Amino acid sequence: AQRVTQPEKLLSVFKGAPVELKCNYSYSGSPELFWYVQYSRQRLQLLLRHISRESIKGFTADLNKGETSFHLKKPFAQEEDSAMYYCALSWGSGGSNYKLTFGKGTLLTVNP
Amino acid sequence: ETGVTQSPTHLIKTRGQQVTLRCSSQSGHNTVSWYQQALGQGPQFIFQYYREEENGRGNFPPRFSGLQFPNYSSELNVNALELDDSALYLCASSIGTGVYGYTFGSGTRLTVV
């Protein structure tokens with residue numbers, strides 16, 4: 001079975017400081033991983049996806065298969081980055097479409 | 001381009017009742033998934049529909065059922081409501097397999113009393 005673990009429920013940093021949100025996964029297949037973000041009073045939205053190898057809003061995430069990790073990083077945090085962040089693993093079997101397994105989320109607060 | 005819309009936004013039901021939640025997928029999206037998000041938890045996969053057929057199911061009892069219509073909109077039905085069914089129910093849509101991710105609706109907040 002697949003599992004996503006986000007060890008930090010809360011993370012607080014100061015503006016301009018580096019930030020790293022941790023995500024570890026367990027999956028027997030080839031993983032496709034995502035980070036979703038939920039800003040206050042807004043819907044869950046896709047931040048970035050491993051398959052696209054992109055950088056969004058200054059955030060990057062590298063898949064480390066040896067450590068089974070997909071940590072989200074940003075070198076200089078901004079106050080507008082304050083939000084709930086969810087790591088998600090995309091999985092599918094038997095030719096079916098992909099589904100998502102989410103971690104429990106990390107609430108990031110960026111202080112002025 | 002319209003996003004994913006869900007109705008109603010809030011709902012209060014009594015234990016034992018039945019409820020139907022509705023979702024209109026984003027234009028052009030033919031795969032719809034439903035997730036349950038309990039307080040303080042990440043979304044949990046309920047089931048998925050693709051071309052009007054169930055295409056995978058999570059660890060939820062049969063009293064959770066669904067439908068997808070020819071226009072790709074979808075319903076989630078829950079029978080014999082229990083107090084633990086109180087949660088935010090999220091609908092998400094994608095094109096085809098969903099390998100590039102899903103677009104989520106704002107959710108329906110269900111409270112069972």
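Nothing here was measured: the structure is a model prediction, and the numbers come from that model. So that the names make sense, note that chain A is the first sequence line, chain B the second, and so on, each numbered from 1.
In this structure, Tyr98(A) has its ring center no closer than 6.0 Å to that of Tyr102(B).
By the criterion of side-chain heavy atoms lying less than 4.5 angstrom apart, applied directly or through intervening Ile, Leu, Val, Met, Phe, Trp or Tyr residues, Leu11(A) is grouped together with Trp35(A) in one hydrophobic cluster. Under a hydrophobic-cluster definition in which Ile, Leu, Val, Met, Phe, Trp and Tyr are linked whenever side-chain heavy atoms come within less than 4.5 Å, directly or via other members, Phe60(B) and Phe102(A) are assigned to different clusters. The cluster map of Ile, Leu, Val, Met, Phe, Trp and Tyr, joined by side-chain heavy atoms under 4.5 Å apart, puts Ile12(B) and Leu83(B) in different clusters. Residues Tyr72(B) and Tyr35(B) are members of separate hydrophobic clusters, defined by side-chain heavy-atom contacts under 4.5 angstrom among Ile, Leu, Val, Met, Phe, Trp and Tyr. Using a 4.5 Å cut-off between side-chain heavy atoms of Ile, Leu, Val, Met, Phe, Trp and Tyr, with links allowed through other members, Leu44(A) and Ile95(B) fall into different hydrophobic clusters.
A donor-acceptor pair under 3.5 Å links the side-chain atoms of Arg43(A) to the main chain of Val4(B), judged by distance alone.
When the heavy atoms of residues 62-70 of chain B are compared with those of chain A, none of the residues falls under 4.5 Å. Of all residues spanning residues 104-113 of chain B, those with a heavy atom less than 4.5 Å away from chain A's heavy atoms are Phe104(B), Gly105(B), Ser106(B), arranged by number.
Surrounding CD of Gln42(A) are more than 12 heavy atoms belonging to other residues, nucleotides or ligands, all under 6.0 Å away. In the displayed structure, Glu53(B) atom CD is contacted under 6.0 Å by at most 12 heavy atoms of other residues, nucleotides or ligands. Annotation for Lys104(A): atom NZ does not count as buried by contact number, only 12 or fewer foreign heavy atoms lying within 6.0 Å. For Phe14(A), the CZ atom is loosely surrounded, since the number of other residues' heavy atoms within 6.0 Å does not exceed 12. At most 12 non-hydrogen atoms from other residues, nucleotides or ligands lie less than 6.0 angstrom from CG of Asn59(B).
By the 4.5 Å heavy-atom criterion applied to side chains, Gln45(A) and Thr103(B) are not counted as neighbours.
When each of Leu107(A), Val4(A), Thr101(A), Leu100(A) is scored by its heavy-atom pairs under 4.5 Å with chain B, the top score falls to Leu100(A).
If you take NZ on Lys99(A) and OG1 on Thr31(B), they are separated by 9.0 Å, rounding to the nearest 0.5 Å.
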Listing, residues 36-43 of chain B side-chain donor-acceptor contacts under 3.5 Å, not counting sequence neighbours, or none:
residue  : atom : partner  : partner atom : Å
Gln36(B) : NE2  : Tyr89(B) : OH           : 2.9
Gln37(B) : NE2  : Tyr86(A) : OH           : 2.8
Gln37(B) : NE2  : Gln41(B) : O            : 3.0

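A search for ring pair (Phe, Tyr, Trp, His ring centres under 6.0 Å) contacts involving Phe59(A) returns Tyr85(A), not counting sequence neighbours.
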